[in-house]
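Below you'll find the structure, written out as structure tokens, and then a few comments.
Counting begins at 1 with the first residue of the sequence.
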Amino acid sequence: MSVIGADELVRRLDAAVNAGDVESVTRQVQHEIENALVPGRLQLDERFRRTQSDHYARRLLHRDPARRYTVLVLAWAPGQGTPIHDHPNLWSVEGVLEGELEVTQYAPIKEEPHRCRFAPVESHRVVAGDANFLIPPFEYHALTNDLTERPCLTLHVFGGELLEMNTFDPVGNGWYERSLRRVSYDD
């Protein structure tokens, strides 16, 4: 097994984002991410592994100069997760480097301007080495690190830069309130 650094991963992703249509691009990016997820293969600075006590850590690994994609590393302490959310108009590929997450995908069943009802579609355990992709409009999901008492490290590639997303918080009677949430990077 050969070790790769961030520069080699970026070189491979640069080629992958030129694969053509969005489905071809996401499948090729997924292939490159799965290759990087082999235990011990991707070498990262220790700063990417640090969790935050009050939220999952979100760190930028690479921003493509042409703005075609960004690569992030997220560090999840035990018990941390996201609300139901989307990645407005951005494809994404997400993979687990270390640990495991529960990923639950949702389908909207009734939408109003500021709220929505969802039906869970699928929930699955994603372990180190696994990756999947999301293409709008099939992108509503939630991630949680509540399967073990260990931190989790994930790698995310977005088809652009994810600076805001719609989040959906429960308000009762099966409804979720939609909020546009700006997101930032940790150190």
Notebook entry, point to check: Within a reach of under 6.0 Å around CG of D54, are more than 12 heavy atoms found that belong to other residues, nucleotides or ligands?
Noted result: yes
Next item on the list: State, yes or no, whether a side-chain contact exists between P136 and H87 at a heavy-atom distance under 4.5 Å.
Entry: no
Next item on the list: Would you check, one step at a time, whether the test side-chain contact (heavy atoms from CB on, under 4.5 Å) holds for Q52 with R58?
Entry: CA-CA 9 Å; Q52 300 287 330; R58 190 173 182 270; over 6 Å; no
Checklist line | Where T70 and G160 come nearest, the two heavy atoms and their spacing | finding: OG1-O, 2.8 Å
Item checked: Interatomic spacing from CD in E161 to OH in Y185 - rounded to 0.5 Å -> 3.5 Å
Note to self: Evaluate I4 against R12 for side-chain contact (heavy atoms from CB on, under 4.5 Å), listing each step before the verdict.
What the structure shows: CA-CA 11 Å; I4 64 171; R12 293 175 181 194; 4.0 Å; yes
Note to self: Taking I33 as the starting point, is it possible to reach L72 by hopping between hydrophobic residues whose side chains are less than 4.5 Å apart?
What the structure shows: no
Check: Hey, any chance V93 and M165 share a hydrophobic cluster, counting ILVMFWY side chains that come within less than 4.5 Å of each other, even indirectly?
Finding: no
Notebook entry, point to check: Taking all non-hydrogen atoms of both residues, which atom of A36 and which atom of L9 are closest, and how far apart?
Noted result: CB-CD1, 4.0 Å
Margin query: How about CG on D7, more than 12 heavy atoms from neighbouring residues, nucleotides or ligands closer than 6.0 Å, or not?
Written below: no
Item checked: Close side-chain approach of L61 and L44, heavy atoms under 4.5 Å -> yes
Check: Can you tell me how far CZ of R59 sits from CG of D187, rounded to the nearest 0.5 angstrom?
Finding: 4.5 Å
Item checked: Y140 and its ring pair (Phe, Tyr, Trp, His ring centres under 6.0 Å) partner, picked from Y176, Y106, F168 -> F168
Margin query: Between E149 (side chain only) and D146 (backbone N and O only), is there a donor and an acceptor less than 3.5 Å apart?
Written below: no
Check: Atom NE2 of H85 and atom CD of E139: how far apart are they, to the nearest 0.5 Å?
Finding: 9.0 Å
Check: Heavy atoms, side chains only, cut-off 4.5 Å: are D169 and R181 in contact?
Finding: yes
Next item on the list: Kindly say whether L143 contributes a backbone atom to a donor-acceptor pair with the side chain of T82 at under 3.5 angstrom?
Entry: yes
Notebook entry, point to check: Under 4.5 Å between any side-chain heavy atoms of F48 and D186, yes or no?
Noted result: no
Next item on the list: Could you tell me whether the side chain of N166 and the main chain of R178 form a donor-acceptor pair under 3.5 Å?
Entry: no
Checklist line | pair V126-E94: side-chain heavy atoms closer than 4.5 Å | finding: no
Check: Minimum heavy-atom separation for G129 to E34, with atom names?
Finding: O-CG, 4.3 Å
Note to self: Please find the pair of heavy atoms, one from P78 and one from T148, that lie closest to each other, and give the distance.
What the structure shows: CB-O, 4.0 Å
Notebook entry, point to check: Between atom CH2 of W76 and atom NE2 of H55, what is the distance when rounded to the nearest 0.5 Å?
Noted result: 11.0 Å
Notebook entry, point to check: Any sub-3.5 Å donor-acceptor pair from N173's side-chain atoms to W175's backbone N or O?
Noted result: no
Margin query: Please say yes or no: joined through hydrophobic side-chain contacts below 4.5 Å, possibly via intermediate residues, are F133 and L101 part of one cluster?
Written below: no
Item checked: Linked, directly or transitively: L155 and V29 (ILVMFWY side chains, under 4.5 Å) -> yes
Notebook entry, point to check: If you look at every heavy atom in S24 and A19, which pair is closest and at what distance?
Noted result: CB-O, 3.7 Å
Next item on the list: Look only at the side chain of Q80 and the backbone of A77, and say whether a donor-acceptor pair between them is shorter than 3.5 Å.
Entry: yes
Item checked: Spacing of R49 atom CZ and L97 atom CG [to the nearest 0.5 Å] -> 7.5 Å
Next item on the list: Tell me, yes or no, whether the heavy-atom count around E122 atom CD, taken from other residues, nucleotides or ligands under 6.0 Å, exceeds 12.
Entry: yes
Margin query: On a heavy-atom basis, which atom in L60 and which in H62 lie closest, and how many Å separate them?
Written below: CD1-O, 3.5 Å
Margin query: Would a single hydrophobic cluster contain both I135 and I84, if residues Ile, Leu, Val, Met, Phe, Trp and Tyr are joined by side-chain heavy-atom contacts under 4.5 Å?
Written below: no
Note to self: Is there a side-chain contact between L37 and V96 in this structure, where contact means two heavy atoms from C-beta onward sitting under 4.5 Å apart?
What the structure shows: no
Notebook entry, point to check: Is there side-chain contact between Y69 and V10, with heavy atoms separated by less than 4.5 Å?
Noted result: yes
Notebook entry, point to check: Do R125 side-chain atoms and E100 backbone N/O form a donor-acceptor pair below 3.5 Å?
Noted result: no
Check: Okay, side chain of E32, backbone of L13: is any donor-acceptor separation there less than 3.5 Å?
Finding: no
Next item on the list: Please answer whether the main-chain N or O of V17 pairs with a side-chain N or O of R68 as donor and acceptor at a distance below 3.5 Å.
Entry: no
Next item on the list: Look only at the side chain of N145 and the backbone of R150, and say whether a donor-acceptor pair between them is shorter than 3.5 Å.
Entry: yes
Next item on the list: Could you tell me whether the side chain of P88 reaches within less than 4.5 Å of the side chain of L162, counting heavy atoms only?
Entry: yes
Margin query: Keeping R50 on the side-chain end and A57 on the backbone end, is there a donor-acceptor pair under 3.5 Å?
Written below: no
Next item on the list: Would you please classify the geometry between the F158 ring and the H156 ring as parallel, tilted or perpendicular, with 30° and 60° separating the classes?
Entry: parallel
